[in-house]
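What follows is a single structure, written as structure tokens, with notes after it.
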Protein chains: 2
Amino acid sequence: MSKKEAVKILLDEREMPRQWYNIQADMPNLPKPPLNPATKQPAGPEDLSAIFPMELIKQEVTTDRWVDIPEEVADIYRTWRPAPLYRAVRLEKELDTPAKIYYKYEGVSPSGSHKLNTSIPQAYYNKQAGIKRLATETGAGQWGTALSQACAFFGLECTVYMVKISFSQKPYRRSFMEVFGANVIASPSQYTESGRSILAKDPESLGSLGIAISEAVEDAAQRDDTNYALGSVLNHVVLHQTVIGLEARQQLAKVDEYPDIVIGCCGGGSNFAGLGFPFIKDNLTENKKVRVIAIEPSACPTLTKGTFAYDFGDTAQLTPITMMYTLGHDFVPPGIHAGGLRYHGASSLVSQLYQDKLIEAQAFGQNEVFASAIRFARSEGIVPAPESSHAIHGAVVEALRCKEAGEAKTILFGLSGHGHFDLTAYDAYLGNKLEDADYAEESVKQSLACLPKI
Amino acid sequence: MSKKEAVKILLDEREMPRQWYNIQADMPNLPKPPLNPATKQPAGPEDLSAIFPMELIKQEVTTDRWVDIPEEVADIYRTWRPAPLYRAVRLEKELDTPAKIYYKYEGVSPSGSHKLNTSIPQAYYNKQAGIKRLATETGAGQWGTALSQACAFFGLECTVYMVKISFSQKPYRRSFMEVFGANVIASPSQYTESGRSILAKDPESLGSLGIAISEAVEDAAQRDDTNYALGSVLNHVVLHQTVIGLEARQQLAKVDEYPDIVIGCCGGGSNFAGLGFPFIKDNLTENKKVRVIAIEPSACPTLTKGTFAYDFGDTAQLTPITMMYTLGHDFVPPGIHAGGLRYHGASSLVSQLYQDKLIEAQAFGQNEVFASAIRFARSEGIVPAPESSHAIHGAVVEALRCKEAGEAKTILFGLSGHGHFDLTAYDAYLGNKLEDADYAEESVKQSLACLPKI
């Protein structure tokens, strides 16, 4: 590694973005409006005000291009932002590729992932609105951790409905949230109607993200002092995550670079959108030609195998009906280790852009993804989260294509978090015990048959 | 939190120290020389060359004030260094203290602790010397992780003898090392004479750091292609860690600060020395009056309750006999969660300075330490390692003294690592299941009776 190659590209605190970027100002087609789950009529602010503060509802629908980051939020962002951008020089060498590979690393946040970018403003706006307590769900645990920390910063109570199988399998994640004072409940639980009705049918239910969302939404809807917080999918969440791409673009400019390809892993879509949308803006408004690629697991291939349709966000059909790519709200994906990518739907905004062919999508199996994760760890020194490893693998595939074609393209990928709480997955991979669970075509067919009739 | 308060103080890469600081140039009394364990005569380079490369042996004894950091080492340091210095404004508020509290955070390193500061140069000098493989021991796992990563960077094989109780209790730590390609062996093992002799006496032995050191030293001594690497105690290890204090001093200067009190946790002593020695230099050469305080667990109170004497570093008596504060090489401390502070001895340099009253030492029980760790986590957002939490508690105690006295002192403490692999400990604390295991006075008496006769 030569001294002259910039391996770590930092921004000064004063260069941190002061506004989030809202792609609703620039995309050619806005998504169709969300519908009230009961009336199936377009949902207004009043449909959301039982569980969200008005500022977030406004951010959900605004078409302003830029939204100011409140000073109180920026103050906390500054404890880890601007996040570093790295040139993966050792990985390039390992791959023997002419491509230049950069990655934006969000694992430096105290919660270990990009999720804190949105949990902080969500806690802030709720605090401002006089809310005392937030309820949420968590699957793999990264979102629950991020919201627990944000609530601790702003003095809010926090209740996390944690998918029961994760609650049992990931006791460290649970403890991490408890360190920050959160109340962590295994879902399905006896505390909500949604939970009780699932348990009545199946007392041994291991839970799912869809069920946990139903529990948290019900909890929030029933208590005046409590709101709900979601870690992905919604427009305001995606908005908050754009700090990632805005910073990355500035950092690349510092070394006179601009990417040919931008790659992010995609579950609900907020990480992918956060990195990618500022570059899609350049495509839309400055005639750039960046390929922006969403990588998803082949076990839960929402974009690559799903349908573009109105669907519910949760199992108990409590959330608004949203236009999105979906595998059906009843779809239960195989138990792959990238828990954060096991969601049946995708963000409306991401879905609309995919429908309009403004982004690409690719799906990979978990064994090839872990192989790239190990290769990355041994070269770059960071153990990546299984979710983020999908982006790594996407970048490796593109870098190897460059090698074949002899093209020195510039690739930027998002490393959304570290894998410190995912070492059972690595253990399974290193012990040749990982299965490449494919999505079950039959089960998707069944669950798509249950889409709401609009 | 006001915008005007610098919460995170960063250095530019170009401000990273280019030399390590060697306190042997400035301390009034050098430690007595180490002795060959067999002949009990002063150990020369030839006594160490079977297990260390000559460059590290030279660093062990040099009295040069500054030692150049090789460019290849600096290149890797730059992936996470300079490490951030934080002003703990939210903790100050929580404690309602007039004191200003700063902490230097080493948990941003890819291995999650300060240990990478020395594993990188150790792997580098061994690679330069033509060595193919390193053997080491690990207790809590931070050192084994750091050496595994360093070996992956330089293409060396790595074998880690991991104390058997940790091997079973901390499977994630083991997986983390395996991700980097290390061969991790539960100690005592059948692979060495030292291991076999322990197992012959006690087939159920859970191991200890002293036993694991014996196994790793024996492994290295027997193979020409293999050297040994130690993560603390030795002079060259302490030397490498001084980047911590050198950076912290520069960072404080950026905000026109200089500490009244510097606090580090102390096991073998390398973290404490790394932060503290550059400030002790100021006391010795510039007439400063900084109080430099080592914090140790009351379960293993090497400095506060030990004896200043010649002793072995390991159980099988294979290491040189060194002048140090010790509880006796046979002492087995209670099973507290700060595994990295469970060592019977302390660095010769730290011990000599303590003997000469140039540093202070305090011991605390693990429940009070965890209480401060939780308080810190909820204020500052970082879950600290149990070892580092000793320094946090020391700082909290001093800050509360300032509150009582109405003094606005400036306190700097070292946050040597994060606690992502220590959540069982937090779980136990939050469930009121932690015991304040005191050291057993009788057992120390017995083990001190077995000191080598010089």
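In what follows, chains carry the letters A, B, and so on, assigned in the order in which the sequence lines appear, proteins first and then strands, with residues in each chain numbered from 1. Quick note: numbers below take in every heavy atom, side chains included, and nothing from hydrogens, waters or symmetry partners.
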Q.
Nearest 0.5 Å, please: how far is OG1 in A:T79 from CD1 in B:I382?
A. 7.5 Å

Q.
Looking at chain B, which one of A:S111, A:P110, A:G381 has the largest number of heavy-atom pairs inside 4.5 Å, strictly under?
A. A:G381

Q.
Using a 4.5 angstrom heavy-atom cutoff, name the option from B:L10, B:D12, B:D422, B:D427 with the most pairs to chain A.
A. B:D427

Q. Which bit of B:V179 is near chain A, if near means a heavy-atom gap under 4.5 Å: side chain, backbone, both or neither?
A. both

Q) chain A heavy atoms under 4.5 Å from B:E13: which part of the residue, side chain, backbone, both or neither? A) side chain

Q. For B:R174, is it the side chain, the backbone, both or neither that has a heavy atom under 4.5 Å from a heavy atom of chain A?
A. side chain

Q. Within a strict 4.5 Å, meaning less than it, do heavy atoms of the B:R90 and A:I76 side chains meet?
A. yes

Q: Decide if the gap between the ring center of A:F421 and the ring center of B:Y172 is smaller than 6.0 angstrom.
A: no

**Q.** Per-residue contact mode, A:S379 against chain B (heavy atom under 4.5 angstrom)
**A.** backbone

Q: Please round to the nearest 0.5 Å and tell me the distance separating atom OH of B:Y105 and atom CH2 of A:W80.
A: 13.5 Å

Q. Any residues in residues 148-160 of chain A near chain B, with a heavy-atom distance under 4.5 Å, and which are they?
A. A:Q149, A:A152, A:F153

Q) What's the spacing between B:L423 CG and A:K170 NZ if we round to 0.5 Å? A) 13.0 Å

Q) Between A:V383 and B:F180, is any pair of side-chain heavy atoms under 4.5 Å apart? A) yes

Q: Answer with side chain, backbone, both or neither: which region of B:R81 has an atom nearer than 4.5 Å to a non-hydrogen atom of chain A?
A: backbone

Q | Partner set under salt bridge (Lys or Arg N to Asp or Glu O under 4.0 Å) for A:R378, not counting sequence neighbours | A | none

